[in-house]
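Heads up: the structure comes next, in structure tokens.
Order of the sequence lines sets the chain letters (A, B, ...), proteins ahead of strands, with each chain counted from 1.
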Amino acid sequence: MLQLQAIRDNKEEIINALKKRNIDAAPLLQEVLQLDEKRRAAQTQLDATLAESNALSKEIGQLFKTGKADEANSLKDKTGILKEDSKKLSEELHNTTEQLQNKLYQIPNVPHESVPSGNTENDNEEVFKEGDIPTLHTHALPHWELAKKYDIIDFELGVKITGAGFPVYKGKGARLQRALISYFLDKNAEAGYTEMQVPLVVNEASGFGTGQLPDKEGQMYHIGEDDLYLIPTAEVPITNLFRGDLLSKKDFPICYTGYTPCFRREAGSYGSHVRGLNRLHQFDKVEIVRVEHPQHSHKALDGMVEHVKTILRELKLPYRILRLCGGDLGFTAALTYDFEVFSTAQDRWLEISSVSNFETYQANRLKLRFKDEKGKSQLAHTLNGSALALPRVLAGILENYQTENGIRIPEVLIPYCGFDTID
RNA sequence: GGAGGAAUGGCAGAGUGGUCGAAUGCACUAGUCUUGAAAACUAGCGAGGGUCACACCUCCGGGGGUUCGAAUCCCUCUUCCUCCGCCA
């Protein structure tokens, strides 16, 4: 959520920046400013009424104390009117505030200056590329065929017990999965991220805090009976750990990592691009989350990108980094780098990590602030990224590491797996 | 699930109808002293709205009510603690 003060001060800049997302925010911002003005007018009026009423109450108290009951009683009539007025005014204030809030929720984050404009993923800007694309043997298979051939992932079994998009990992497949999780967590810990284990279901307030609610309810599984949501990413519970906090600057930098399964309804996604592990309802991910001082957040973002690079380098997977264009940028992000692994057998790039700076957008919703040098509280910056999402990394490994005699295990994972080949 | 108790500023903890946005302690910030630090002393120190700045308004877990007036009384929800039951 954007800050009202920022909209008041920099309306034109914001409208211009939002053009990168291909939206014309002018009418919406205009409405926001009008509602804001209306809200403040109501507030002022209410304040004055309450002030008068407070003063009278004090006076009545004094009169009773000094035994002037008649005078006191005559003043009481007056407060009755004021009470009615203030009730009406506070209702008006409440309504206006709610309308204003709803409008504010509709405005996406302002893209960072480095974000290229563009409409679709084709307009994303490739900023880095590394790793050799392997030459596979002539009978190379996509990962869903490999999974079947070596009996390491069973999609049909998942359908039987749950439904499509809930695979069952078997034997060495399960072990490799667990190895990746441990390996990622270890790498993140090494880089200074504190490991956290958090709940996999969250309440409504948490959904609002990170921006999944309102509007994106459809993405999350909702447990109606208890009004809880299955997390779509560890970003939600981990970032919400700080909801409502007032930090001091010495608390920075805050670096957390956590492994969680992630649940996504992904309504309406079907077709060849979602085959196998490409898109699932339940998948595993290791996430990194940072809470930063505004001055250091973009440096922190670069640090996160470098960190993810080192992991992919160690895994010896060919990958590239994209800076997302305005049209592809998530609603709450100011700047996002996507990591994609090249799947040689599918001959396409697979997104395996998304690293973003949300600046104050989430913090404003979360009321996550810190005391600055002058002792004033201001909003912190939040960031997060995948380090990494499992299924497509697994797909990349299976496909890129396949040989005629089986699938080799990347060297760094062998100690975690306890075997070096899947055959 | 049953019975009882509790929720106050960053933390601890007073406060049972007006003088309470709230004692006190700790923490924190600035200053004095010191080569520096510690200790001691002095001062400041909750959050949000509002204002050029004041004024003023709101907030004592959330919501509602009683009253001229509520941290304080009533209702309700949530959470925590103690005891009992059940249970991995």
Nucleotides bounding contact with chain A, strand RNA chain B, heavy-atom threshold 4.0 Å: B:G18 to B:G69
Distance-only side-chain donor-acceptor flag, A:His298 / A:Glu292, under 3.5 Å: no
Less than 3.5 Å apart, which donor and acceptor atoms pair up between the side chains of residues 415-423 of chain A and the rest of the protein, not counting sequence neighbours?
from, atom 1, to, atom 2, distance (Å)
A:Tyr416, OH, A:Asp186, OD2, 2.6

Integer angstrom distance from the P of B:U24 to that of B:U78: 37 Å
Distance-only donor-acceptor check, side chains A:Lys19 and A:Ser117, under 3.5 Å: no
Base paired to B:C28 (Watson-Crick or G-U; both N/O distances under 3.5 angstrom): B:G44
Rounded P spacing from B:U66 to B:C75 in Å: 15 Å
Heavy-atom check, side chain of A:Arg264 versus side chain of A:Arg279, under 4.5 Å: no
Partners meeting side-chain contact (heavy atoms from CB on, under 4.5 Å) with A:Glu84 (sequence neighbours left out): none
Residue pair A:Asp47 / A:Gln43, side-chain donor-acceptor N/O under 3.5 Å: yes
Under the side-chain contact (heavy atoms from CB on, under 4.5 Å) test, residues paired with A:Tyr221 that sit two or more places apart: A:Phe166, A:Leu230, A:Phe263, A:Arg265, A:His281
Contact nearer the 5' end of RNA chain B, comparing A:Arg8 with A:Leu46: A:Arg8
Residue whose closest nucleotide on RNA chain B lies nearer the 5' end, A:Gln378 versus A:Ala48: A:Gln378
Sugar-phosphate only, base, or nothing, as touched by A:Thr44 at under 4.0 Å among non-hydrogen atoms: nothing
Sugar-phosphate, base or nothing in reach of A:Lys78, heavy atoms under 4.0 Å: nothing
Any donor-acceptor pair under 3.5 Å from A:Asn95 side chain to A:Glu92 backbone: no
Residue matched to B:G18 through Watson-Crick or wobble contacts both under 3.5 angstrom: B:C68
Identified pairing partner of B:C83, criterion: Watson-Crick or G-U wobble below 3.5 Å: B:G2
Whole-angstrom distance between B:G1 and B:C86, as gauged at atom P: 15 Å
Sidechain-backbone polar pair: A:Asn364 side chain, A:Thr360 backbone, donor-acceptor under 3.5 Å: no
Whole-angstrom distance between B:C60 and B:G15, as gauged at atom C1': 10 Å
Contact list for RNA chain B against residues 52-60 of chain A - heavy-atom distance below 4.0 Å: A:Asn54, A:Ser57, A:Ile60
Residue matched to B:U78 through Watson-Crick or wobble contacts both under 3.5 angstrom: B:A7
Residues which pass side-chain contact (heavy atoms from CB on, under 4.5 Å) with A:Lys78, listed by chain and number, not counting sequence neighbours: A:Leu56
C1'-based separation of B:A14 from B:A6 [nearest Å]: 16 Å
B:U72 and B:U67, which share atom name C1', separated by this distance in whole Å: 13 Å
Pairwise P distance, B:A3 and B:U8 [rounded to whole Å]: 25 Å
Pairwise P distance for B:U19 and B:A71, with rounding to whole Å: 9 Å
